[in-house]
Novice: 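Questions regarding the structure given below will be posed in turn.
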Amino acid sequence: MPELPEVNTFQRYFDQTALDQKIEQAQVHDDKIIRNMDGRSFAEALAGRTFTGSYRRGKYLFGNLDNGAHVQLHFGMTGDLKYYEAPEDQPKHERFVFLFENGYKLGFDCPRKFARIVYVEDLQQYIEDKQLGEDALQISLDDFLAQAEGKKSTLKGFLLNQKYLAGMGNLYVDEVCYQTRIHPASRVHAMPQEALERIHSKMQEVLQYAVEHNAYYKAYPKDWLWKWRDEEARAPDGTPVSIAKIGGRTTYYFVGYQKLFD
DNA sequence: TGTGATGTTGAATG
DNA sequence: GCATTCAACATCAC
């Protein structure tokens with residue numbers, strides 16, 4: 001489920017379960033989920049360490065280790081965390097697990113193995129090399145406009161590109177476009193500044209609301225697109241939903257109800 | 001049985 | 001260098 005608000009919820013969970021406890025051992029069940037070393041090296045690097053904090057940027061969560069290194073947790077499409085004690089509570093698709101001194105474990109579950117776990121020696125350098133954009137919840141209007149400057153891509157493609165800003169995913173992009181009544185296939189360079197300002201403002205409003213509700217979508221307002229994202233959906237003016245690939249992803253939008261800048 | 005899914009990356013193309 | 005499209009990654013659920 002992981003877009004920015006979901007990862008923010010994972011961060012809270014991580015902080016409540018993993019911090020300030022010595023890691024007795026890390027066990028890697030599936031080597032391929034660790035992207036920059038084999039499972040044995042990862043386990044060796046983590047043994048005896050302690051997480052002292054965490055840092056989230058967009059959909060990327062980093063656990064801060066007491067030796068200055070970080071562990072990147074990126075959840076892909078199906079990543080999840082589970083803190084448990086009894087062996088029978090181990091999640092079905094656990095790919096690796098931290099065993100703490102108190103006997104509890106923090107397991108990383110991921111049915112589709114799209115998650116990306118990386119042992120990061122130098123976080124600043126890593127983020128720079130990745131060209132990871134500013135966090136979508138933090139980015140100022142000025143920086144947002146600067147990123148949008150001259151972009152010929154679709155609005156959706158722009159918002160999804162983690163180099164420009166980090167954290168937006170398929171569902172929240174559709175939500176913001178719907179609520180601002182701007183067509184997701186609009187060309188960024190054809191949008192007046194006022195429209196970009198509305199996107200920026202609504203984006204942070206939506207993300208903030210979602211974060212405050214722990215990304216629990218059932219608690220989202222009834223008038224969000226999210227609630228009834230299906231083929232029967234209609235805009236308030238009765239426009240039936242259109243479903244098409246925009247920016248490479250399945251997109252729900254309303255022709256006419258959402259203004260197209262092209 | 002086939003299809004697509006809340007994500008990212010790299011290759012190929014224009 | 002940019003933008004776009006596509007395939008790949010691997011598994012599950014409808």
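Note on naming: letters A, B, ... go to the chains in the order of the sequence lines (proteins, then strands), and numbering restarts at 1 for each one.
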Novice: Considering residues at least two apart in sequence or located in another chain, which fulfil the side-chain contact (heavy atoms from CB on, under 4.5 Å) criterion with A/Glu128?
Specialist: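 Once residues adjacent in sequence are excluded, the partners of A/Glu128 under the side-chain contact (heavy atoms from CB on, under 4.5 Å) criterion are A/Gln125.
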
Novice: In chain order, what residues pass the side-chain contact (heavy atoms from CB on, under 4.5 Å) check against A/Ala45, with sequence neighbours excluded?
Specialist: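 Here the qualifying residues are A/Tyr119.
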
Novice: Please determine, by modelled atom types, if A/Tyr220 and A/Glu175 share a side-chain donor-acceptor pair under 3.5 angstrom.
Specialist: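 Absent: no donor and acceptor within the cut-off.
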
Novice: Using Watson-Crick and G-U wobble pairs whose two distances are both under 3.5 Å, how do you write the pairing of DNA chain B as dot-bracket, with | for links to another strand?
Specialist: .||||.||||||||

Novice: Start with the C-alpha gap between A/Tyr83 and A/Tyr13, add the side-chain angles, then the distance that decides, and say whether ring pair (Phe, Tyr, Trp, His ring centres under 6.0 Å) holds.
Specialist: CA-CA 9 Å; A/Tyr83 189 66; A/Tyr13 190 81; 7.1 Å; no

Novice: Donor-acceptor pair, distance only, cut-off 3.5 Å: does the side chain of A/Arg95 make one with the backbone of A/Cys110?
Specialist: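 The answer is yes, because a donor-acceptor pair under 3.5 Å joins these two groups.
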
Novice: What does the B/S/- profile of nucleotides 7-14 of chain B look like, 5' to 3', with a 4.0 Å heavy-atom cutoff to protein?
Specialist: BSS-----

Novice: Under the salt bridge (Lys or Arg N to Asp or Glu O under 4.0 Å) test, which residues partner A/Glu44, sequence neighbours left out?
Specialist: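 Counting only residues at least two positions away or on another chain, A/Glu44 forms a salt bridge (Lys or Arg N to Asp or Glu O under 4.0 Å) with A/Arg40.
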
Novice: Tell me which residues in residues 27-39 of chain A lie within less than 4.0 Å of DNA chain B, going by non-hydrogen atoms.
Specialist: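 Residues of residues 27-39 of chain A that come under 4.0 Å of DNA chain B do not exist, since none gets that close.
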
Novice: Please list, chain by chain and in numerical order, all residues satisfying side-chain contact (heavy atoms from CB on, under 4.5 Å) with A/Lys105, sequence neighbours excluded.
Specialist: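 Residues passing side-chain contact (heavy atoms from CB on, under 4.5 Å) with A/Lys105: A/Tyr84, A/Val97, A/Leu99.
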
Novice: Not counting sequence neighbours, which residues clear side-chain contact (heavy atoms from CB on, under 4.5 Å) with A/Glu194? List them please.
Specialist: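 Only A/Pro192, A/Arg198 meet the side-chain contact (heavy atoms from CB on, under 4.5 Å) criterion with A/Glu194.
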
Novice: Do A/Arg181's NZ or CZ and the ring of A/Tyr257 fall within the cation-pi criteria of under 6.0 Å and 45°?
Specialist: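 Yes, cation above the ring, under 6.0 Å and within 45°.
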
Novice: Please report the distance separating the C1' of B/dT6 from the corresponding atom of C/dT4, rounded so that it comes out in whole Å.
Specialist: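 B/dT6 and C/dT4 have their C1' atoms separated by 22 Å.
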
Novice: Between residues 138-150 of chain A and DNA chain C, which residues have a heavy-atom gap below 4.0 Å?
Specialist: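 Nucleic-acid contacts, sorted: none.
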
Novice: List in chain and number order the residues that pass ring-ring contact (aromatic ring centres under 6.0 Å, His included) with A/Phe98, two or more places apart in sequence or in another chain; answer none if no residue qualifies.
Specialist: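 For A/Phe98, the residues satisfying ring-ring contact (aromatic ring centres under 6.0 Å, His included) (neighbours in sequence not counted) are A/Phe51, A/Phe96.
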
Novice: My understanding is that only residues two or more places apart in sequence, or in another chain, count here; which of them pass side chain to side chain donor-acceptor pair (under 3.5 Å) with A/Arg249?
Specialist: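 Checked A/Arg249 against side chain to side chain donor-acceptor pair (under 3.5 Å); zero matches.
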
Novice: Going 5' to 3' on DNA chain C, which nucleotide is the first and which the last to come under 4.0 Å of a heavy atom in chain A?
Specialist: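 Range of nucleotides within reach of chain A: C/dA3 to C/dC12.
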
Novice: Check whether A/Gln162 reaches the backbone of A/Gly58 with its side chain - one donor and one acceptor, N or O, closer than 3.5 Å.
Specialist: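 Not a single qualifying donor-acceptor pair exists.
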
